[in-house]
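Remarks on the structure that follows.
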Amino acid sequence: MVAGVEISPREAEVLELVGAHLSNAEIAARLCISVRTVESHVSSLLRKLEVPDRRALAQRAPEPADDGPSHPAPVLPSPLTSFIGREGERAELTEMIKAHRQVTAVGPGGVGKTRLALAVAAEATGEYSDGVWFVDLVPVTDPGMIATAVAGALGLGEQPGRDMTESVVAALADRHALLVLDNCEHVVDGVALFLERLLATCPRITVLATSRARLMVPFERVYQVPPLSLAVDGESDAVALFMERAAAGWPLDPPLRDQIAAICERLDGMALAIELAAARYPTLGLDGITTALSHPLRMLTGGSRTDERHRSVRAALDWSHALLEPADRALLRRVSVFVAPFTAAAAAEVAGGQEGIVADELARLAEQSLLVVTASPGGTEYRALETIRQYATERLAEAGELADTRSRHLRWCLAKAAGLAVVRADWRARFDLVADDLRAALAWAAEQPEQRTDAYDLARHLAELTFTRNLTGESQRRYEQAAALATDPAASASMLRQAAAVAGCRTVGDDMYRLRRAAADAARSSGDSAGAAADLATAATIAFRFSTTFVRIPPQEEALALINEAREPAGDDPAAQAAVALAEAAVLSDAFGAAQGPPGNAVPETIARAERAVELARRTGDPLAESAALDALTGAQSWAGDTFATAATGRRRITLLSPLPISPTGTHELIDALGIVTEAGLGAGDVPGARRWARQLADHPSLAEVGHRATCRLLMVDALAGNVDEVLTGSVRFLDAWRRAGSPARSLLRPAVAAVAMIHGLRDDHDARREWQEVLDQLGTSMEHTYGCGAVFDAILLLHRGQAPEALERMAPEPRQVWKWVTWIWHHWYVALRTEAAVLVGSPDARDRVAEARSVVAGNPVAGAMVERAAALLDDDQEALLATADAFDAAGCRYQSARTLVLAGGDHAERGRAALGDLGLAPMAPAPAPM
């Protein structure tokens, strides 16, 4: 309970973390729930605690306990065994991470780097207000996947338009946190590149890395991890570790201490070697361990001290391995191909053998400290420490079993990937459990010529799976990898087209364009000249349709050359002809209003070309091709000022796309279509429909990490509808995501920001309105804002404040003067509001304006009601005025309905003011009486 308000335990946890200024993604990672679930809890808290925004919500979070400051709990693994000794090392390393931003704990395998780093990180958590995070890099086989591993640990996803490194850096830019990167040595180049970006951009992030060699990056300070102490003031960390792991309960008489100390000295104080030896105590005793160690260790002569320490671990592994039964040895080396925790069933399939027998063998290996056992929702899982896994892999190669075992692992991965094709409720967790093994198997198979076919299949599967997992950057790379592995150029072309579609979902126009042109080359190599023509034409269309997503915008001449190159090989192929027709509508007629388009376009020609493209696409029977052509028709109709045809065409796209299964191209088209149909519906006055589509867009999983893009249309619709609570809640997600994304200045976002600013103005919350006006300033201004959304939202606020002359001045240009900029969503709203302002100020041509406006907005229930309200005010017709209130209610515009009642005066005005209060809005200022 908070201040007398009942909230659930989960809501209390969310509220505490909001108070700690964590983002929704960070809260999701901390509580192991989805970002959308966090957003639902935040919305519920805003409503229950009756606060307007996240800032106010943070102020309602409970105060930290008196015993010290509250800090996020560290996200660290929980070792099953206790940490022994190393007090001096812990103190030294702790001081180093306080003094330096990047510290690398360096030492040979088995010296205890990971356990020391975990102990230091756990003790340091109170020093970092945004938490401590641990990333195990053992499963990472590709240096380019470092950021993906970090993002997974932090609960972050990729933001479209950014690669994963940029997404992580943006999320951590203002965070005060400790990041622990464990086992860096095998991907040191990737770690170095990632850390250079991270440390240069995130000034309050400290990194503690563990590696067998230094990382050689700026800011790095190296801490050499020593072996365990053999004797310090009569105490020995090495002996204490042996005793702990041996589970020995006997009194430690001096002779026994000396014998254990001698064993630990033979093992050079190496933690892993001591643990392996201690695990043998119940069966060998101290004498047996001493005897077993003596022979191999006598062979260790020469070399540096560090090399000897490596050898001492290897010697311990050698004798521990030699003491195993042959079947156990075989199993240990064969399961070394797993890079992630595995089950007994998986081990049986990859290593060969019956699951029950393999389970017994795994248990014996765990008893000898050669495997670590963990419990998971899917059952008992096993993993080998990295040093042991590397040792076992060497043994696998020495036994001549490497290729066969990796081949079985590859087949297991292919089966797992195929099993993930059906998405169920637990799909994400199931994918995450095997993803690292899929990547590792692909990395091996891609280098084996005889495995190329299976490597292609696995790359294709992984591309599809990572797309479903919203790892779009990896998905694009996997599609490109599949294209490179394909033995058939036609398959390569298909993969490149999918890669281009994923690039579209990432809003990376340059990659879309490059990949479609590459697909054309592959199609041409396969003898598919029509397919090549379609790819070339599609590349030309992309250059204009998605010009705002390019870094280097292809000039019109380049796009024209692609069309000319495509025309002849297109022949009479329906798909190629449709693609060429769409390219002509895009490039020749500028149906999409591209940045590099011609300065003017003829409306009849643009519509004719777009309609031809739609007809040809429809004949192909491909709904995705038809949707793209309908998008061109939408642009042509909107530029022609045909608001209702535009909305109808937008709805046709949704009808086509909604039944389709998830795919990169389908997702790209659907996201675009939902945005367009929302805006077109709003422009035509279909507020309920616009809100339905905007809600679907906001909930789309591919936009989970870009809440500003997901919610921008919904904020706009809710603001115009008067859904104040929804605007306040949605604006929290918008602002949080926009800032995490690096505050991008995208024109797409301006209407949403103007809408939120208007709502705060209607609430008389000057501070909040100022904050959103600052965001609007960061987004910049444009003609579309000045004469479109900006004019509409400003006019609504000015009329609410009784400033009709200022509202009319804000919309001074005649609609026909700025039609090209306001025809899209805002034309009818602009005309209707301008007409009302003219009536309220007593313009001499007010009646003519009403008549003209009726003609323009006819059929639009919202704009039509606004014009009729203006006419009723002009005629002093209260009955007609009240009728418009009903019309607004029917159209889903609660604010305009309440405003109408206030304008009606008398008892109606009281009801209107009460309705405004229920919405959370300030009272309206008196409007001047029409003259």
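Note: hydrogens, waters and symmetry copies are ignored here, and every other heavy atom, side chains too, is used.
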Smallest separation among heavy atoms of [X] and [Y], with atom names:
{"X": "Ala898", "Y": "Leu916", "result": "CB-CD2, 3.8 Å"}
{"X": "Ala147", "Y": "Val168", "result": "O-CG2, 3.7 Å"}
{"X": "Val775", "Y": "Leu735", "result": "CG2-CD1, 4.0 Å"}

Taking side chain as C-beta onward, heavy atoms only, is Thr468 less than 4.5 Å from Glu464?
no
Would you indicate whether the side-chain heavy atoms of Leu720 and Cys893 approach each other to under 4.5 Å?
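No, their side chains stay 4.5 Å or more apart.
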For [X] and [Y], indicate whether the former's side chain and the latter's backbone hold a donor-acceptor pair under 3.5 Å.
{"X": "Thr549", "Y": "Gly509", "answer": "yes"}
{"X": "Thr620", "Y": "Asp622", "answer": "yes"}
{"X": "Ser167", "Y": "Asp163", "answer": "yes"}
{"X": "Ser731", "Y": "Leu728", "answer": "yes"}
{"X": "Thr678", "Y": "Leu674", "answer": "yes"}
{"X": "Ser475", "Y": "Ala463", "answer": "yes"}
{"X": "Thr646", "Y": "Ser638", "answer": "yes"}
{"X": "Trp693", "Y": "Gly675", "answer": "no"}
{"X": "Asn860", "Y": "Gly683", "answer": "yes"}
{"X": "Trp738", "Y": "Pro744", "answer": "yes"}

Stepwise side-chain contact (heavy atoms from CB on, under 4.5 Å) test for Glu474 and Arg478:
CA-CA 6 Å; Glu474 182 179 0; Arg478 298 305 180 190; 3.1 Å; yes
Pairs flagged by ring-ring contact (aromatic ring centres under 6.0 Å, His included) wherever residues 609-628 is involved - sequence neighbours left out
none
Considering only NZ, NE, NH1 and NH2 on the basic side and carboxylate oxygens on the acidic side, decide whether Arg653 and Glu669 come within less than 4.0 Å.
yes
Test: Arg894 and Asp918 ion pair at under 4.0 Å:
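No, this pair does not count.
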Residue that, paired with Arg516, satisfies side-chain hydrogen bond (donor to acceptor under 3.5 Å, both in side chains) out of Asp511, Asp535, Thr541
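Exactly one option meets the side-chain hydrogen bond (donor to acceptor under 3.5 Å, both in side chains) with Arg516, and it is Asp535.
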Working note: Arg769 + Asp765, criterion salt bridge (charged side-chain N to carboxylate O under 4.0 Å, His left out); need CA distance, chi angles, decisive distance, verdict.
CA-CA 6 Å; Arg769 176 169 169 77; Asp765 188 337; over 6 Å; no
Checking side chain to side chain contact (heavy atoms under 4.5 Å, CB included) between Phe550 and each of Ile542, Val508, Thr507, which is the one that passes?
Ile542
The test is side-chain contact (heavy atoms from CB on, under 4.5 Å); show your working for Ile671 and Leu697 and say whether it passes.
CA-CA 7 Å; Ile671 293 297; Leu697 185 63; 4.0 Å; yes
Less than 6.0 Å separating the ring centroids of Trp829 and Phe793?
no
For the pair Arg739 and Glu771, evaluate salt bridge (charged side-chain N to carboxylate O under 4.0 Å, His left out) and give the outcome as yes or no after the intermediate values.
CA-CA 13 Å; Arg739 286 172 174 162; Glu771 179 183 12; 3.1 Å; yes
Please report the C-alpha distance between Arg477 and Glu480 in whole Å, then the side-chain angles of each, then the deciding distance to 0.1 Å, and finally whether the salt bridge (charged side-chain N to carboxylate O under 4.0 Å, His left out) criterion is met.
CA-CA 5 Å; Arg477 291 196 301 276; Glu480 293 189 56; over 6 Å; no
For the residue pair [X] and [Y], confirm or rule out a side-chain donor-acceptor distance under 3.5 Å.
{"X": "Arg733", "Y": "Thr711", "result": "no"}
{"X": "Thr649", "Y": "Gln637", "result": "yes"}
{"X": "Asp889", "Y": "Ser897", "result": "yes"}

Do the rings of His708 and Phe734 sit parallel, tilted or perpendicular, given the 30° and 60° boundaries?
perpendicular
Checking Ile662 against Thr667 for the side-chain contact (heavy atoms from CB on, under 4.5 Å) test, could you report, in this order, the C-alpha distance in whole Å, the side-chain angles of both residues, the deciding distance, and whether it holds?
CA-CA 6 Å; Ile662 295 174; Thr667 297; 4.0 Å; yes
Please lay out, stage by stage, how Val724 and Tyr895 fare under the test side-chain contact (heavy atoms from CB on, under 4.5 Å).
CA-CA 9 Å; Val724 178; Tyr895 167 71; over 6 Å; no
